[in-house]
Colleague: 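Input: one structure, supplied below.
Hydrogens, waters and symmetry mates play no part in the numbers below; they use all other heavy atoms, side chains included.
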Amino acid sequence: MIAELQCVVLDCPDPLRLAEFYRSVVGGRVNEPDRRWGLDEDWATLHTDAGLVLAFQRAAGHCPPRWPDPAHPQQFHLDFGVPDLDAAQAEVLAAGATVLDDGGGDGAGSGETDAERAERPWRIYADPAGHPFCLVLHRVGRP
């Protein structure tokens with residue numbers, strides 16, 4: 001092993017706002033003191049109860065991804081397991097997310113039928129800075 005992952009860092013225009021958004025999604029503590037880095041208006045962190053750390057770095061002129069536009073790719077995304085997609089959707093929308101693909105619509109260009117889209121166990125959103133993320137149905141005891 002060469003290294004240990006310390007955190008995942010997302011570029012954004014407003015680090016504290018994005019840290020608070022993700023706190024509403026996964027819980028945890030925003031800007032908890034940590035010897036590994038300093039905190040200021042250009043850097044915020046979220047220490048999750050699961051032990052993961054997300055960090056948010058101010059990027060001047062931030063250009064958010066425009067999923068699914070390949071000219072502005074997502075680069076990476078986060079998946080969050082939830083027990084109820086509808087309830088979780090309502091909560092992330094109230095926290096500031098926007099829907100990118102909730103399985104509705106006509107499925108044009110996706111290669112999925114309407115029935116397949118309605119039954120799939122995941123939905124796609126954008127956080128307040130435009131980063132795509134997914135809510136994925138967590139089915140206990142099922143593959």
Side-chain angles (χ1 to χ4, degrees), residues 1-105 107 109-113 115-143:
M1 179 172 83
I2 295 172
E4 181 178 288
L5 180 65
Q6 289 189 340
C7 64
V8 175
V9 182
L10 286 82
D11 285 356
C12 61
D14 186 341
L16 187 57
R17 178 172 183 237
L18 204 55
E20 291 289 351
F21 170 81
Y22 279 106
R23 184 195 51 74
S24 73
V25 175
V26 299
R29 296 153 318 280
V30 170
N31 284 345
E32 179 175 280
D34 190 311
R35 63 177 172 73
R36 296 174 289 183
W37 45 71
L39 300 168
D40 60 30
E41 66 276 355
D42 294 327
W43 181 268
T45 60
L46 173 64
H47 287 74
T48 69
D49 294 337
L52 213 106
V53 178
L54 295 176
F56 309 92
Q57 174 177 273
R58 186 178 312 276
H62 177 258
C63 294
R66 286 187 262 176
W67 184 91
D69 182 355
H72 302 274
Q74 67 178 332
Q75 300 164 7
F76 80 99
H77 70 275
L78 302 169
D79 285 353
F80 300 103
V82 298
D84 181 319
L85 282 171
D86 292 330
Q89 176 168 305
E91 291 183 54
V92 298
L93 294 177
T98 56
V99 174
L100 295 178
D101 184 348
D102 66 359
S110 71
E112 298 175 298
T113 67
E116 288 169 334
R117 287 170 58 90
E119 292 298 316
R120 73 175 187 214
W122 48 270
R123 298 176 186 169
I124 307 166
Y125 305 87
D127 69 23
H131 304 105
F133 69 93
C134 296
L135 296 179
V136 180
L137 185 60
H138 179 70
R139 295 181 176 136
V140 177
R142 290 180 52 190

Colleague: Hey, is the main chain of Thr45 close enough, under 3.5 Å, to the side chain of Asn31 for a donor-acceptor pair?
Modeller: yes
Colleague: If you round to the nearest 0.5 Å, how far is CD of Gln57 from CG of Leu10?
Modeller: 10.0 Å
Colleague: Is there a side-chain contact between Asp84 and Gln89, using heavy atoms and a 4.5 Å cut-off?
Modeller: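 Side-chain contact under 4.5 Å: no.
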Colleague: Can you label the angle between the Tyr22 ring and the Phe56 ring as parallel, tilted or perpendicular, going by 30° and 60°?
Modeller: parallel
Colleague: Output the distance between atom CG (Leu78) and atom CG (Leu54), rounded to the nearest 0.5 Å.
Modeller: 6.0 Å
Colleague: Do you know the tightest heavy-atom contact between Pro65 and Pro132?
Modeller: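 Of all heavy-atom pairs spanning Pro65 and Pro132, the closest is CG-CD, 3.6 Å.
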Colleague: Taking it one step at a time, do Val92 and Phe80 satisfy side chain to side chain contact (heavy atoms under 4.5 Å, CB included)?
Modeller: CA-CA 11 Å; Val92 298; Phe80 300 103; over 6 Å; no
Colleague: Just wondering, do Asp101 and Arg120 contact through their side chains at under 4.5 Å, heavy atoms?
Modeller: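 Yes. Closest side-chain heavy atoms under 4.5 Å.
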Colleague: Kindly determine whether Leu39 and Glu32 satisfy side chain to side chain contact (heavy atoms under 4.5 Å, CB included), including the steps that lead there.
Modeller: CA-CA 9 Å; Leu39 300 168; Glu32 179 175 280; over 6 Å; no
Colleague: Report the residue from Asp86, Leu85, Ile124, Asp102 that forms a side-chain contact (heavy atoms from CB on, under 4.5 Å) with Leu135.
Modeller: Leu85
Colleague: Could you check whether any side-chain N or O of Arg23 sits under 3.5 Å from a backbone N or O of Leu46, counting only pairs where one atom can act as donor and the other as acceptor?
Modeller: no
Colleague: A side-chain contact here means heavy atoms from C-beta on lying under 4.5 Å apart; do Trp122 and Asp79 qualify?
Modeller: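 They are not in contact (no side-chain heavy atoms under 4.5 Å apart), so the answer is no.
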Colleague: So does Arg17 pair up with Glu20, basic N to acidic O under 4.0 Å?
Modeller: no
Colleague: Quick one: does Leu100's side chain get under 4.5 Å of Tyr125's, heavy atoms only?
Modeller: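 The answer is no; the side chains never approach within 4.5 Å.
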Colleague: When the ring planes of His47 and Trp37 are compared, do they come out parallel, tilted or perpendicular, using 30° and 60° as the limits?
Modeller: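 Taking Trp37 first and then His47, their aromatic rings sit tilted (interplane angle of 30° to 60°).
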Colleague: Hey, could you give me the CG/CZ distance between Leu18 and Phe21, rounded to the nearest 0.5 Å?
Modeller: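 Spacing of CG (Leu18) from CZ (Phe21) equals 7.5 Å.
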Colleague: Just by distance, do the side chain of His131 and the backbone of Asp11 share a donor-acceptor pair under 3.5 Å?
Modeller: yes
Colleague: Can you give me the closest heavy-atom contact between Pro128 and Gly96, atom names plus distance?
Modeller: CG-O, 3.8 Å
Colleague: Where is the tightest heavy-atom contact between Ala55 and Cys7, given as atom of each residue plus distance?
Modeller: CB-SG, 4.0 Å
Colleague: Contact between His77 and Cys134 at the side-chain level, heavy atoms closer than 4.5 Å - yes or no?
Modeller: yes
Colleague: How long is the straight-line distance from CG of Leu16 back to CG of Asp42, given to the nearest 0.5 Å?
Modeller: 12.0 Å
